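Here is the structure we will look at, set down as structure tokens.
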Amino acid sequence: MTQVILPGATLGVLGGGQLGRMFCTAARSMGYQLVVMDPDSDSPAGAIADRHICADYTDKAALDQLAEACDVITTEFENIPAASLNHLARSTRVYPDAKALEIAQHRAREKAFARQAGLQPAPYHLISSDDDIAAAFASIGAPAILKSATLGYDGKGQAVITSEQTLFDAFQNMGGVECVLEQKIDIETEISIIVARNHEGDSGCFPAAENVHVNGVLHTSAVPAKVSTQMTELAEQQATSLAEALDYVGILAVEFFISAQGELLFNEMAPRPHNSGHYTKDACVTSQFEQQTRMICGLPVGDTRLTSPVVMVNMLGDLWQPDWMHILGESNIKLHLYGKKQARPGRKMGHFNVLAESVEVAFATAESVFAKLTS
Ligand code: ATP
Ligand code: MG
């Protein structure tokens with residue numbers, strides 16, 4: 001199982017969203033064939049793959065077809081059932097493996113694993129039933145954030161907690177599903193590290209991105225991040241330790257908070273390329289999607305060096321239909337659209353990368369262009 005998978009081979013991806021689409025584009029330009037499995041007949045990645053297996057992730061016959069067609073299979077979506085990955089792994093290579101996804105699918109498992117690997121999560125307490133509420137509130141206090149343990153994304157399934165009563169109400173509102181109560185951190189800066197690792201254990205980190213969220217959704221990522229070199233080195237070391245502890249193969253994104261007190265806290269990880277790594281498409285020697293291809297195919301880690309300061313701006317369905325000339329009229333902006341036909345509020349439709357001589361100049365352009373798109 002150690003030989004490399006060379007161009008001409010067929011790569012599979014579970015999940016047909018924009019991350020799968022950008023993976024397909026990168027892998028195809030390197031000469032690979034692509035098969036996407038996704039239950040949506042209209043998926044962004046399915047539309048551009050060589051083949052789209054339109055089926056549920058639990059459909060064993062469809063999984064068998066995917067395994068039959070592919071030399072290696074990866075994921076772009078962390079909520080693929082572990083049983084499906086284990087099923088595929090009986091007949092083909094699957095990276096990342098079911099264990100990594102199972103850990104990332106559950107906030108409490110993820111935080112406990114990160115802590116064991118030497119990272120420091122924000123203080124948290126698992127709440128499985130009403131009986132846990134008093135102890136959780138006593139240990140975490142207020143302000144806090146209640147998050148559903150599974151299936152949260154873009155800040156969904158979260159509530160701000162100010163008292164034991166609001167905790168009780170919020171837990172009921174979430175339908176009594178398993179949750180974690182987290183201390184609300186006084187955040188100075190949010191950064192993320194994208195680490196790549198192949199089956200030989202060779203790894204490399206992309207430069208830290210400094211992330212700004214609006215309404216719980218990533219709005220901008222800027223690189224270089226305005227944090228000390230010691231802090232980015234520590235974050236890189238921690239992200240690499242996490243990948244090693246998981247014996248991870250593929251792309252792993254690790255989100256951190258830097259608190260007002262200067263602590264580096266682990267927030268969460270994503271076992272796939274990440275929105276905050278989209279800047280790599282235009283501002284690094286290797287993009288996170290080429291890197292994903294390299295890692296699952298057992299190729300050397302691509303050069304992660306930054307080639308230009310950059311600010312990435314997300315475009316959500318709220319601002320549709322934009323006047324594209326505001327973006328395309330600027331020679332230093334790269335536009336990326338995901339081919340989604342329906343624009344819903346909050347839905348990620350595309351992003352643009354502004355390249356400039358400094359992050360400050362890139363931000364000035366990004367802000368003026370974004371203001372025109374939304375006016
Ligand atoms: P995404 O899918 O966008 O990564 P998510 O739904 O998994 O989001 P989190 O990353 O847990 O959610 O939280 C989204 C944002 O909410 C964080 O990036 C941060 O800005 C804020 N946030 C989350 N947890 C805390 C916390 N404990 N203290 C302060 N702010 C927080
Ligand atoms: Mg997050």
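Only a predicted model underlies this, so the values are computations on that prediction, with no experimental measurement involved. Reckoned from all heavy atoms, side chains included, excluding hydrogens, waters and symmetry mates.
Val195 and Val301 fall into different hydrophobic clusters, where Ile, Leu, Val, Met, Phe, Trp and Tyr residues are linked whenever their side-chain heavy atoms come under 4.5 Å apart, directly or through other members. Using a 4.5 Å cut-off between side-chain heavy atoms of Ile, Leu, Val, Met, Phe, Trp and Tyr, with links allowed through other members, Val214 and Met315 fall into different hydrophobic clusters. Tyr124 and Phe113 fall into different hydrophobic clusters, where Ile, Leu, Val, Met, Phe, Trp and Tyr are joined by side-chain heavy atoms under 4.5 Å apart, directly or via other members. Taken together through direct or relayed side-chain contacts under 4.5 Å among Ile, Leu, Val, Met, Phe, Trp and Tyr, Tyr32 and Leu19 form part of one hydrophobic cluster. Hydrophobic clustering, with ILVMFWY side chains joined whenever heavy atoms are under 4.5 angstrom apart, groups Val72 together with Phe289.
For the pair Ala136 and Leu181, the tightest heavy-atom approach, listed with the atom from each and the gap, is O-CD2, 3.7 Å. Smallest separation of non-hydrogen atoms from Ala170 and Ala159: CB-CB, 3.9 Å. For the pair His326 and Glu330, the tightest heavy-atom approach, listed with the atom from each and the gap, is O-CG, 3.5 Å. Shortest non-hydrogen contact noted between Gly20 and Val13 is CA-CG2, 4.4 Å. Counting all heavy atoms, side chain and backbone alike, Leu101 lies closest to Pro96 at CD1-CG, 3.6 Å. Closest of all the heavy-atom pairs between Leu63 and Thr58 is CD1-C, 4.4 Å.
The salt bridge (Lys or Arg N to Asp or Glu O under 4.0 Å) analysis of residues 283-297, with sequence neighbours excluded, yields the pairs Glu290-Arg294. Evaluation of the side-chain hydrogen bond (donor to acceptor under 3.5 Å, both in side chains) test over residues 310-324, restricted to residues two or more places apart or in two chains, returns Asn275-Asn314. Within the structure, salt bridge (Lys or Arg N to Asp or Glu O under 4.0 Å) pairs that include any residue of residues 180-190 comprise Lys111-Glu182, Lys147-Glu182 (at least two apart or interchain). Pairs engaging residues 44-62 under the salt bridge (Lys or Arg N to Asp or Glu O under 4.0 Å) rule: Arg28-Asp50 [sequence neighbours left out]. Each salt bridge (Lys or Arg N to Asp or Glu O under 4.0 Å) pair with one or both residues in residues 220-233, not counting sequence neighbours, appears once here: Lys226-Glu360. Residues in residues 242-252 take part in these side-chain hydrogen bond (donor to acceptor under 3.5 Å, both in side chains) pairs, two or more places apart or across chains: Arg197-Asp247.
By the 4.5 Å heavy-atom criterion applied to side chains, Glu178 and Thr150 are not counted as neighbours. Between Ile187 and Leu265 the shortest side-chain heavy-atom distance does not fall below 4.5 Å. Thr75 places none of its side-chain heavy atoms less than 4.5 Å from the side chain of Pro271. Between Glu367 and Val311 there is no side-chain heavy-atom pair separated by less than 4.5 Å. Taking 4.5 Å as the limit, some side-chain heavy atom of Leu14 sits within range of a side-chain heavy atom of Ile73. Between Ile296 and Arg93, every side-chain heavy-atom pair lies at or beyond the 4.5 Å cut-off. In this structure, Gln120 and Gln238 have side chains that are not in contact, with every pair of non-hydrogen atoms separated by 4.5 Å or more. For the pair Glu164 and Phe168, the minimum side-chain heavy-atom distance is 4.5 Å or more.
A salt bridge is defined here as a Lys NZ or Arg NE, NH1 or NH2 lying under 4.0 Å from an Asp or Glu carboxylate O, and Asp97 with Lys99 fails to meet this definition.
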Passes side chain to side chain contact (heavy atoms under 4.5 Å, CB included), Val4 versus Cys297? Steps please. CA-CA 6 Å; Val4 297; Cys297 291; 5.9 Å; no
Checking Ser221 against Asn211 for the side-chain hydrogen bond (donor to acceptor under 3.5 Å, both in side chains) test, could you report, in this order, the C-alpha distance in whole Å, the side-chain angles of both residues, the deciding distance, and whether it holds? CA-CA 4 Å; Ser221 293; Asn211 302 321; 2.8 Å; yes
Evaluate side chain to side chain contact (heavy atoms under 4.5 Å, CB included) for Val354 paired with Val369, printing each intermediate quantity in order. CA-CA 10 Å; Val354 185; Val369 167; over 6 Å; no
Stepwise side chain to side chain contact (heavy atoms under 4.5 Å, CB included) test for Val217 and Lys348: CA-CA 9 Å; Val217 185; Lys348 290 175 178 168; 4.0 Å; yes
Evaluate Leu246 against Met269 for side chain to side chain contact (heavy atoms under 4.5 Å, CB included), listing each step before the verdict. CA-CA 12 Å; Leu246 288 163; Met269 64 180 177; 4.1 Å; yes
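A distance-only check finds a donor-acceptor pair linking the side chain of Asn198 to the backbone of Gly201 [under 3.5 Å]. Judged purely by atom type and a 3.5 angstrom limit, Thr286 uses its side chain to pair as donor or acceptor with the backbone of Asp303. When atom types are taken as modelled, the side chain of Thr92 and the backbone of Leu88 share no donor-acceptor pair closer than 3.5 angstrom. One N or O on the side chain of Ser84 and one on the backbone of Tyr57 form a donor-acceptor pair closer than 3.5 Å. Using a distance-only test at 3.5 Å, with no hydrogens or angles considered, no donor-acceptor pair links the side chain of Lys340 to the main chain of Pro44. A donor-acceptor pair is defined here as one N or O able to donate and one able to accept, closer than 3.5 Å; such a pair exists between the side chain of Ser259 and the backbone of Glu263. One N or O on the side chain of Thr304 and one on the backbone of Cys205 form a donor-acceptor pair closer than 3.5 Å. Side chain of Glu76 to backbone of Pro273: no donor-acceptor contact under 3.5 angstrom is found. Side chain of Asn332 to backbone of Leu355: a donor-acceptor contact under 3.5 angstrom is found. In this structure, Ser308 contributes its side chain and Ala283 its backbone to no donor-acceptor pair below 3.5 Å.
To the nearest 0.5 Å, atoms CG (Leu264) and CG (Leu234) are separated by 5.0 Å. Rounded to the nearest 0.5 Å, atoms CG (Leu66) and OG1 (Thr10) are 10.5 Å apart. For the atom pair CG (Leu126) and CZ (Arg109), the distance works out to 10.5 Å, reported to the nearest 0.5 Å. Distance check: Gln288 CD to Ile194 CD1 gives 4.5 Å after rounding to the nearest 0.5 Å. The distance from the CG atom of Leu337 to the CZ atom of Phe352 is 11.0 Å, given to the nearest 0.5 Å. Distance check: Glu236 CD to Phe206 CZ gives 11.5 Å after rounding to the nearest 0.5 Å.
For Gln172, the CD atom sits in a packed shell: over 12 heavy atoms of surrounding residues, nucleotides or ligands are nearer than 6.0 Å. Applying the 6.0 Å contact sphere to NZ of Lys334 captures no more than 12 heavy atoms from other residues, nucleotides or ligands. Residue Asn215 places its CG atom among 12 or fewer non-hydrogen atoms of other residues, nucleotides or ligands, all under 6.0 Å distant.
A perpendicular orientation is assigned to the rings of Phe256 and Phe266, their planes being inclined by more than 60° (bins at 30° and 60°). Taking the six-membered ring for Trp and thresholds of 30 and 60 degrees, Tyr338 and His351 have ring planes inclined between 30 and 60 degrees apart.
No option in Leu167, Val177, Val180 other than Leu167 meets the side chain to side chain contact (heavy atoms under 4.5 Å, CB included) test with Ile127.
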